[in-house]
Amino acid sequence: MDSLITSGCLTSMAVLDEVGGMDSDIFVDYTDVEWAFRAASKGFKLFGVCRATMEHELGHGRVRRLLGYLLIEYSPTRRYFHARNTIRMMQLPY
């Protein structure tokens with residue numbers, strides 16, 4: 001897997017010591033993706049349990065369906081952070 005939602009992750013302290021914690025500079029969007037890419041760049045692999053279920057909401061925006069896709073309408077502030085963090089992620093070496 002390329003990344004996992006960190007809300008449901010189980011990670012050892014040894015891995016956190018080597019990879020480091022979440023990057024608070026990109027808080028809200030992509031924190032888990034950035035961490036997963038950083039871990040992979042250090043040789044770690046991610047494993048998901050696809051049958052596991054977890055009650056989780058992605059944000060607080062209004063949810064709509066469009067052409068069969070689930071869309072979440074975020075606030076302008078949340079869209080700003082998403083765009084800013086997308087640019088930051090594209091600049092990372094890993």
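The chain is numbered in sequence order, starting from 1.
- Salt bridge status for R78 with D29: present, with a side-chain N to carboxylate O gap under 4.0 Å.
- T31 places no side-chain N or O within 3.5 Å of a backbone atom of F27 that could act as its donor or acceptor partner.
- A 6.0 Å sphere centred on CG of L10 holds no more than 12 heavy atoms belonging to other residues, nucleotides or ligands.
- Scanning both residues, D23 and E34, for their nearest heavy atoms gives CB-OE1, 3.7 Å.
- Judged purely by atom type and a 3.5 angstrom limit, W35 has no side-chain atom pairing as donor or acceptor with the backbone of Y30.
- The two residues D2 and A36 have their closest heavy-atom pair at O-CB, 3.5 Å.
- A donor-acceptor contact shorter than 3.5 Å links the side chain of R79 to the backbone of Y74.
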Problem set entry | Evaluation steps, salt bridge (charged side-chain N to carboxylate O under 4.0 Å, His left out), between E73 and R64 | CA-CA 8 Å; E73 295 180 8; R64 296 183 339 161; 2.7 Å; yes
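- L66 and L70 fall into different hydrophobic clusters, defined by Ile, Leu, Val, Met, Phe, Trp and Tyr side-chain heavy atoms under 4.5 Å apart, directly or through other members.
- Nearest heavy atom pair, residue S3 against residue V33, reads OG-CG2, 3.8 Å.
- Nearest heavy-atom pair across L4 and G48 is CD2-CA, 4.2 Å.
- In plain terms, the two heavy atoms of I26 and N85 that are nearest each other are O-ND2, 2.9 Å.
- Rounded to the nearest 0.5 Å, atoms OG (S12) and CG (D17) are 8.0 Å apart.
- Across M89, R88, H82, a single residue satisfies side-chain contact (heavy atoms from CB on, under 4.5 Å) together with T86, and that is H82.
- When every heavy atom of I5 is checked against every heavy atom of D32, the shortest pair comes out as CA-OD2, 3.5 Å.
- Put simply, OG on S75 and OH on Y80 are 13.0 Å apart, with the number rounded to the nearest 0.5 Å.
- For the atom pair R65 CZ and L71 CG, the distance stands at 9.5 Å (nearest 0.5 Å).
- In this structure, F44 and R38 have side chains that are not in contact, with every pair of non-hydrogen atoms separated by 4.5 Å or more.
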